[in-house]
Every structure is written in structure tokens, then in C-alpha cells.
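Worksheet: the structure to be examined is printed underneath.
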Amino acid sequence: MNAVKQTLLSKKVLVIALAVALSAVIFFAAIKPAIAVNLAELQEEIARLEGRIGNNKETLTEIRSQKDTLENRIASLNSEIAEIDDRIRLTELKIKELEIQIDAKTKELDEQKELLGENLKQLYKTGDLSTLELLASSDSYTDFINDQEYLERIKAGIQESADKVEALKNQLEKQRDTQELLRIEQRNQREAVAGKKAEQNELLAETEGQESRYQTIVSRDNRALEEAYSALNAELARRAVNNTGQTYFGTGSYPFATACTNPYPAPWGESNCWYHPYVDAGGYPYRQCTSYVFWRRGNIGRPVPGYMGNAAQWPGSASAAGYKVNYTPKKGAIGVIPGGFGHVFVVEEVLGNNQVRASQYNDPGQNGGQWGMYSEVIYNTSGLVFIH
């Protein structure tokens with residue numbers, strides 16, 4: 001029995017050690033002011049940049065409300081480049097913010113693993129004692145009850161630590177996924193800046209600084225735009241399943257349903273939502289199919305990067321970003337319809353027989369659809385591409 005009592009004594013000593021370990025965890029959590037200060041500074045700069053981006057959008061809105069001239073177009077491009085540059089910096093700060101948060105979570109995870117290990121060791125040391133041995137080694141029934149309660153607390157501590165370890169691992173995985181998504185978005189933002197600068201250089205070279213040449217280019221581009229959307233409308237009409245068409249109009253909870261003008265302007269022109277600054281956080285024009293899908297996927301916890309281009313470019317951009325792209329529709333996937341600039345939608349339900357129920361924005365093609373509005377429709381998906 002002396003050996004048993006010695007084991008129980010060792011057990012109680014270990015309780016003190018565990019208490020000290022827990023105190024150390026609390027102590028270390030309390031002495032991280034340097035990280036907190038850095039995080040606070042990052043968040044302050046993030047807020048400042050977001051404010052500047054908002055002000056720049058207002059400037060762009062003012063420019064776009066003026067007459068479409070070469071001077072205003074160049075000013076608009078400069079503002080767009082400045083805005084995307086700010087977004088690149090903002091993304092960089094958010095990545096750094098996540099790095100700090102991930103580092104803190106990793107340290108917390110290590111501490112929880114260590115605590116879990118200590119609890120497991122203690123349970124292993126005392127777990128081979130039978131109830132009879134515990135009762136015989138106790139000086140009183142009260143001691144026996146206390147010993148039993150101690151073992152139960154150890155078991156509860158193990159479960160609690162295990163749960164925390166699992167929760168921390170899940171949080172880390174989500175943060176790392178978000179970090180990777182931000183890196184992809186930053187790459188797309190840099191490509192967008194390069195594209196805007198190339199557009200500006202091309203415009204200056206083509207117009208040679210002459211307003212008359214610019215107006216000729218505007219007329220040509222507007223005709224090409226209308227032709228591209230006519231081709232897209234024809235493809236949308238072909239894809240819609242007979243006798244179903246558009247089934248619902250509203251907002252679909254999309255937060256930018258009243259952005260720009262209402263009703264949505266058509267035909268396309270310089271003063272409407274096709275052009276910046278009427279864009280969401282992903283760089284997609286409000287009330288376009290791309291903006292809706294960008295918002296909808298984020299809303300269901302399956303975000304996609306910003307700045308992936310026109311809808312027709314999304315399969316290539318998504319594949320390059322590591323997303324699975326194939327011909328199999330699944331709930332929550334992004335469907336891509338070719339034709340002109342392309343069209344994207346979110347699969348809300350797979351119906352079978354190569355049909356899906358889709359939610360979308362900006363499809364004027366079938367049964368009374370309207371530009372810049374939410375709708376639901378059943379599509380034939382044969383041959384369409386899906387992003388998962």
C-alpha cells in the first residue's frame with residue numbers, strides 16, 4: 001500500500017506542476033504587447049487605406065459623370081491604377097495581419113498540445129489504479145472521493161485540451177486558406193495594373209493625343225461591345241431550358257442591387273456600370289454577373305479571387321489559381337457560359353438530365369429578363385465549364 005500512497009502523492013505534486021504550467025500560459029499570453037502593437041498599427045493602416053480607396057472611388061464617380069473625353073478617360077485610368085495600387089498595398093497588409101494571427105495561433109496550439117501531453121501522462125500514471133486500491137490507500141472516504149474527482153478532472157482536462165487543439169487546427173487551416181487566396185488576389189491585382197497601364201499606353205499611341213481620334217475609337221468600341229453582348233444573349237437564350245426561363249426577380253440579397261443607376265442602363269455606354277469606378281472589392285462592376293458570383297461565393301464560404309477578368313476568362317484564371325475546373329456541375333459551383341464576354345452563374349441545385357437551377361445577375365436573354373437584375377433560371381449544362 002505504501003507504493004500506492006507514493007503514487008498518489010506524486011500525482012498530487014503533478015497537480016501543482018500543471019497549475020504552474022497553466023499560469024505560465026496565462027503569463028505568456030499577457031506579455032505580447034509588441035505583437036499587439038504591430039497588429040494594431042497594421043489594422044490602423046488598413047483602415048486608412050480603405051478610406052483612401054473609398055475617396056478615390058468618389059473621384060472616379062465624378063470623372064465618369066463628366067463628358068467622355070480623352071482627357072477624362074486618361075484621368076479615369078490614372079485613378080483606376082492608383083486605386084488598384086492601393087488595393088495591392090491593402091492586400092499586402094492583410095497578408096501580414098494574417099501572418100501575425102497565424103503565428104499567435106500556432107504558439108497557442110503548441111501550448112495546448114503541451115498541456116494535453118501533460119494531462120495524458122498523468123492519466124497514464126494513475127489510470128492503472130483500481131477503485132479498490134484508491135479506496136484502500138485513502139485515509140478516509142472523503143479522500144477517496146477527492147481522488148476520484150481528481151481523475152475525472154484530469155479526463156475532462158484531456159477532452160477540453162483535445163477540443164481546443166482541434167479548434168485551433170481548424171482556425172489555422174482557414175487562416176492559411178484565406179492567406180493563400182489573398183496572395184492569388186494580389187497577383188491578379190498586379191496583372192490588372194499592368195493591363196490598365198497597357199490600355200493607357202495603347203490609347204495614347206492610337207489617339208496621338210487628339211480628341212477626334214478618341215471619339216472615333218469610342219464609337220468603334222461601343223459597337224464591338226454591343227455585338228459581343230448580342231452574341232452572349234443568343235447563347236444564353238439557347239442554353240435556357242424551354243418553358244422555364246427566368247423564374248424570379250428581386251435582389252437575391254446581393255448588397256449592390258441599387259448601385260449605379262436603376263433601372264440598369266442599356267445600351268452600354270461610358271456613363272453606366274460597365275465602367276469603373278462602379279466596382280466591388282474584387283474589381284468586378286456592380287450588378288454584373290461576375291460581381292454577383294464573387295459576392296455569392298464569399299457569402300457561402302467558398303470565396304474566389306478578385307480581378308479574374310471577364311466571365312469568359314474565369315476558367316483559365318481559376319485554374320491558374322489552383323481551383324478545380326471541369327465539366328461536372330455541383331451545388332455551389334460556378335457555371336461559365338461562353339459567348340462574347342461570357343457569363344457566370346452559381347449552381348443552386350443540380351436537377352439531372354444536364355440541367356441546373358442557377359442564380360445570377362445581368363441576364364436579359366430569356367422571358368422578360370432585365371439588365372442588372374437578379375434572376376433564377378434553369379440551364380442546360382451540356383458542354384459548360386464549372387469552377388469548384
Side-chain angles (χ1 to χ4, degrees), residues 53 57 77 80-81 83-92 94-95 177-199 225 228-229 231-232 235-236 252 254-256 259 268 273-330 332-347 358-363 372 381 384-388:
I53 288 169
K57 278 193 173 187
L77 284 168
E80 289 174 40
I81 290 168
E83 180 190 342
I84 301 173
D85 278 336
D86 280 346
R87 288 193 179 278
I88 289 171
R89 175 60 180 159
L90 181 62
T91 304
E92 181 183 351
K94 287 183 176 179
I95 289 172
D177 288 344
T178 302
Q179 189 180 47
E180 184 57 31
L181 194 63
L182 284 172
R183 287 196 176 103
I184 292 167
E185 188 158 317
Q186 191 174 52
R187 183 200 67 197
N188 291 342
Q189 288 166 342
R190 289 194 176 103
E191 290 176 357
V193 166
K196 288 294 175 186
K197 288 179 178 177
E199 180 184 346
L225 191 62
Y229 271 93
L232 174 59
E235 181 62 23
L236 290 172
Y254 175 69
F256 311 117
W268 305 96
C273 297
W274 170 254
Y275 294 94
H276 295 272
Y278 309 99
V279 295
D280 59 25
Y284 304 114
Y286 291 141
R287 298 170 72 181
Q288 286 276 337
C289 60
T290 47
S291 177
Y292 168 74
V293 170
F294 176 74
W295 167 81
R296 175 70 175 143
R297 285 276 294 204
N299 198 42
I300 62 175
R302 298 173 63 181
V304 291
Y307 298 90
M308 292 204 296
N310 296 320
Q313 297 172 287
W314 275 38
S317 297
S319 180
Y323 285 78
K324 185 177 181 181
V325 179
N326 58 29
Y327 299 101
T328 305
K330 290 186 178 180
I334 300 167
V336 185
I337 295 178
F341 290 100
H343 180 71
V344 286
F345 60 83
V346 175
V347 176
S359 68
Q360 59 185 6
Y361 242 78
N362 204 39
D363 172 9
T381 64
L384 293 187
V385 173
F386 293 89
I387 301 168
H388 300 276

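Residue numbers start at 1 and run along the sequence shown.
- Between Tyr254 and Arg287 the shortest heavy-atom distance is OH-N, 2.9 Å.
- Of all heavy-atom pairs spanning Ile95 and Gln179, the tightest one is O-NE2, 3.7 Å.
- In this structure a side-chain-to-backbone donor-acceptor pair under 3.5 Å is missing from Ser319 to Pro315.
- Formation of a donor-acceptor pair under 3.5 Å by the Gln189 side chain with backbone atoms of Ile84 is not found in this model.
- Taking the six-membered ring for Trp and thresholds of 30 and 60 degrees, Tyr284 and Trp314 have ring planes inclined between 30 and 60 degrees apart.
- Side-chain contact between Leu232 and Leu236 is present, with heavy atoms from C-beta onward closer than 4.5 Å.
- A donor-acceptor contact shorter than 3.5 Å links the side chain of Arg297 to the backbone of Gly332.
- Between Arg190 atom CZ and Arg87 atom CZ the span is 15.5 Å, to the nearest 0.5 Å.
- Under the 3.5 Å distance criterion, the side-chain polar atoms of Gln186 are matched with a main-chain donor or acceptor of Ile88.
- Counting only distance, with no hydrogens or angles, the side chain of Tyr286 and the backbone of Val279 share a donor-acceptor pair below 3.5 Å.
- Between the OG1 atom of Thr290 and the CG atom of Asp280 there is a distance of 7.5 Å, given to the nearest 0.5 Å.
- Taking CD of Glu80 as the start and NZ of Lys197 as the end, the distance is 13.5 Å to the nearest 0.5 Å.
- Put simply, the side chain of Asn310 never gets that close to the backbone of Ala312: no donor and acceptor are under 3.5 Å apart.
- Considering CZ of Phe386 and NZ of Lys324, their distance stands at 13.0 Å, rounded to 0.5 Å.
- For the pairing with Tyr361, the ring pair (Phe, Tyr, Trp, His ring centres under 6.0 Å) check across Tyr292, Trp295, Phe345 returns one residue only, Tyr292.
- To the nearest 0.5 Å, atom CD1 of residue Ile53 and atom CZ of residue Arg89 are 11.5 Å apart.
- When all heavy atoms of Phe256 and Ser291 are compared, the pair lying nearest together is CD1-OG, 4.4 Å.
- The heavy-atom pair separating Met308 from Ser317 by the smallest distance is O-OG, 3.0 Å.
- Residues Val304 and Ile334 come closest through the heavy atom pair CG1-CD1, 3.8 Å.
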Test side-chain contact (heavy atoms from CB on, under 4.5 Å) on Leu384 and Tyr327 and set out the steps. CA-CA 6 Å; Leu384 293 187; Tyr327 299 101; over 6 Å; no

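- When all heavy atoms of Pro303 and Tyr323 are compared, the pair lying nearest together is O-OH, 2.8 Å.
- In this structure, CZ on Arg187 lies 13.0 Å from CG on Leu182, to the nearest 0.5 angstrom.
- Panel note: side chain His388, backbone Asn326; no donor-acceptor pair is recorded below 3.5 Å.
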